[in-house]
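The figures here come from the full heavy-atom set of this structure, side chains too, leaving out hydrogens, waters and symmetry mates. Note that ligands are numbered from 1 as they come in the structure, with each ligand's atoms numbered from 1 the same way.
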Amino acid sequence: MKNLLVTGGAGFIGSNFVRYMLGKYSDIYVVVFDKLTYAGNLDNLEDVSQDPRYKFVRGDIANRDAVARVLASNEIDTVVNFAAESHVDRSILNPDAFIQTDVVGVYVLLDESRKHGVERFLQVSTDEVYGSIPEGYFKEGDPLEPNSPYAASKAGGELMVRAYHVTYGLNTVVTRGSNTFGPYQYPEKLLPLFITNAIDDEPLPLYGDGMQVRDWLYVDDHCSGIDLVLQKGEPGEVYNLGGGNERHNIDVIRQMLAILGKPESLIRHVEDRPGHDRRYALDNTRIRRLGWRFGQSFEEALERTVRWYVENEWWWRKIKSGEYRRYYEAQYGRRLRGASQQD
Ligand code: NAD
Ligand code: TYD
């Protein structure tokens with residue numbers, strides 16, 4: 001791996017991954033290729049922007065010419081694809097962009113990678129492709145039963161990755177990460193939304209009873225898992241990356257409020273998300289065999305994350321305006337007006 005293309009590198013996990021890779025490897029050249037949708041943000045990469053081993057190119061993974069150009073002109077040998085529409089609630093409001101990027105875009109990226117002799121292709125996928133599991137843990141061979149348009153589009157992209165490996169021999173690997181949190185996460189996902197609302201004493205719109213379970217993974221651990229699979233994963237294989245931290249949403253939020261010193265009375269139980277998956281949980285045996293280890297406990301990572309949002313208002317305040325306010329009203333306006341307060 002010398003010339004690495006990180007698609008979607010201006011988003012949350014992608015930008016953390018770029019920082020991680022530039023910090024870990026000296027002889028690497030990283031090209032970020034990103035459409036800069038509402039979720040893409042060059043502020044996320046500000047601290048690496050002067051690094052001579054880094055370059056940014058604006059473009060769409062579904063645009064064949066643009067993809068061909070960035071692969072050829074930078075002699076790319078390795079592709080890590082983070083580019084996606086990534087938020088379940090937005091996929092329920094309007095699935096179009098999800099099919100376009102998460103299915104068609106992945107296909108175009110695979111096809112051009114094959115034509116340009118890319119030596120390794122890693123697709124960043126999600127535990128949501130499995131659907132919900134009431135007890136036990138999903139293994140990589142389990143059937144895919146996605147329930148939201150987001151999860152279904154990610155599953156579609158992933159199956160195309162499989163086809164390109166089996167049919168054309170492209171050297172692919174897939175990671176299925178669990179719910180990730182940390183610095184630079186767009187404040188539409190549970191933790192950054194609730195942390196930034198709580199800082200401003202705004203209500204926290206918790207869906208339904210708040211007893212849904214997610215398996216939380218700190219972003220640095222997600223990045224180290226992706227790097228490990230990139231280096232050591234078997235071609236054609238899929239790897240679960242679960243944080244091993246199953247928590248009820250309500251408990252995570254209570255813990256976050258305690259760290260901030262804010263009252264639980266900010267919590268509002270609002271109308272549930274349609275088709276809301278009750279529980280996600282992953283079996284990590286396969287990635288553990290490659291030697292994956294976590295850098296910190298969930299508690300440490302949550303504290304660090306809360307502190308980051310407290311100390312980096314410059315980053316999130318400018319996001320929480322304009323388009324964001326319109327989305328917030330569409331998603332939460334009616335819900336919050338009909339909400340009940342936590343006792
Ligand atoms: P994000 O929404 O923060 O970032 C997505 C990035 O992709 C943005 O920079 C956006 O501009 C870019 N993008 C969108 N459409 C594009 C296109 N057509 N062409 C080029 N760039 C485009 O997402 P994230 O949370 O960082 O997630 C990154 C990846 O990890 C996604 O593939 C997601 O499915 C997967 N994932 C996320 C989580 C999580 O908890 N956040 C967990 C598991 C897997
Ligand atoms: P989210 O961060 O959207 O990730 P995902 O849907 O990929 O798991 O949501 C995490 C959990 O938090 C999920 O069970 C939905 C819940 N949630 C709320 O209760 N309220 C909210 O406003 C959001 C965004 C999420």
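- Around atom CD of Glu75, no more than 12 heavy atoms belonging to other residues, nucleotides or ligands sit under 6.0 Å away.
- Protein heavy atom at the shortest distance from atom 40 (O) of ligand 1 is Thr180 N, 2.9 Å.
- Between Glu329 and Arg337 there is a salt bridge, since at least one side-chain N of the basic residue sits less than 4.0 Å from a carboxylate O of the acidic one.
- Remark: Arg286 engages Glu237 in a salt bridge, criterion side-chain N to carboxylate O under 4.0 Å.
- At least one heavy atom of Ser178 sits less than 4.0 Å from an atom of ligand 1.
- For Trp308 and Tyr184, the gap between ring centers is short of 6.0 Å.
- Counting heavy atoms only, Phe82 comes closest to atom 31 (C) of ligand 1 of the residues Phe12, Phe98, Phe82.
- At a 4.0 Å heavy-atom cut-off, ligand 1 touches Lys154 through the side chain alone.
- Looking at Leu257 and Ile267, their side chains come closer than 4.5 Å, going by heavy atoms from C-beta outward.
- The ring of Tyr218 has its center no closer than 6.0 angstrom to the ring center of Trp216.
- Ring centroid separation for the pair Tyr29 and Tyr54 does not come in under the 6.0 Å cut-off.
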Report every pair formed by an N or O atom of ligand 2 and a protein N or O atom separated by less than 3.5 Å, giving atom names and the distance to 0.1 Å.
| from | atom 1 | to | atom 2 | distance (Å) |
| --- | --- | --- | --- | --- |
| ligand 2 | 2 (O) | Leu190 | N | 2.9 |
| ligand 2 | 3 (O) | Arg273 | NH2 | 2.9 |
| ligand 2 | 4 (O) | Asn179 | ND2 | 3.3 |
| ligand 2 | 6 (O) | Arg273 | NH1 | 2.5 |
| ligand 2 | 6 (O) | Arg273 | NH2 | 3.4 |
| ligand 2 | 7 (O) | Glu128 | OE2 | 2.3 |
| ligand 2 | 8 (O) | Asn179 | ND2 | 2.9 |
| ligand 2 | 8 (O) | Arg214 | NE | 2.7 |
| ligand 2 | 12 (O) | Asn249 | ND2 | 3.3 |
| ligand 2 | 14 (O) | Arg214 | NH2 | 3.2 |
| ligand 2 | 14 (O) | Asn249 | ND2 | 2.9 |
| ligand 2 | 14 (O) | His276 | NE2 | 2.7 |
| ligand 2 | 19 (O) | Tyr207 | N | 2.8 |
| ligand 2 | 20 (N) | Pro205 | O | 2.9 |
| ligand 2 | 22 (O) | Pro205 | O | 3.3 |
| ligand 2 | 22 (O) | Tyr332 | OH | 2.7 |

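- Gly59 counts as a contact of ligand 1, since one of its heavy atoms falls under 4.0 Å from the ligand.
- By the ring-ring contact (aromatic ring centres under 6.0 Å, His included) test, Phe17 is found to be paired with Phe82, residues two or more places apart in sequence or in another chain being considered.
- Under the 6.0 Å cut-off for aromatic ring centres, Phe298 and Phe181 qualify, their centroids lying closer than that.
- Every atom of ligand 1 is numbered from 1 in the order shown, and the set under 4.0 Å from a heavy atom of Thr101 is 15 (N), 16 (C), 17 (C), 18 (N).
- At most 12 non-hydrogen atoms from other residues, nucleotides or ligands lie less than 6.0 angstrom from CZ of Arg162.
- Salt bridge present: Arg279 and Glu246 bring a charged side-chain N and a carboxylate O closer than 4.0 Å.
- The closest approach between a heavy atom of Tyr184 and any atom of ligand 1 is not below 4.0 Å.
- For atom 19 (N) of ligand 1, the closest non-hydrogen atom of the protein is Ile61 N, 3.0 Å.
- Ranking the protein heavy atoms by distance from atom 27 (O) of ligand 1 puts Ile13 CD1, 3.9 Å first.
- Linking Ile, Leu, Val, Met, Phe, Trp and Tyr residues whenever their side-chain heavy atoms come within less than 4.5 Å places Phe138 and Val129 in a single cluster.
- Considering only non-hydrogen protein atoms, atom 1 (P) of ligand 1 sits nearest to Ser86 OG, 3.6 Å.
- For atom 43 (C) of ligand 1, the closest non-hydrogen atom on the protein side is Gly177 O, 3.3 Å.
- Every heavy atom of Ala97 sits 4.0 Å or more from the atoms of ligand 1.
- Using a cut-off of 4.0 Å between Lys/Arg side-chain N and Asp/Glu carboxylate O, Arg53 and Asp27 are scored as not salt-bridged.
- Counting atoms of ligand 1 from 1 in the listed order, those under 4.0 Å from a heavy atom of Asp60 are 17 (C), 18 (N), 19 (N).
- Within the listing of ligand 1, atoms 40 (O) sit less than 4.0 angstrom from a heavy atom of Asn179.
- Side-chain contact between Glu119 and Asn171 is absent, with no heavy atoms from C-beta onward closer than 4.5 Å.
- Proximity annotation for atom 35 (C) of ligand 1: of Leu45, Leu217, Val124, Leu190, Val124 comes nearest, heavy atoms only.
- In this structure, atom 34 (O) of ligand 1 lies nearest to the protein heavy atom Tyr150 OH, 2.7 Å.
- Contacts between Leu36 and ligand 1, counted as non-hydrogen atom pairs separated by less than 4.0 Å, involve the backbone only.
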**OP:** Would you sort out whether Arg326 and Glu323 count as a side chain to side chain contact (heavy atoms under 4.5 Å, CB included), showing the intermediate values?
**Re:** CA-CA 5 Å; Arg326 283 189 292 281; Glu323 194 278 340; 3.9 Å; yes

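- The distance from ligand 1 to the heavy atoms of Ala83 drops below 4.0 Å at these ligand atoms: 7 (O), 20 (C), 21 (N), 22 (C).
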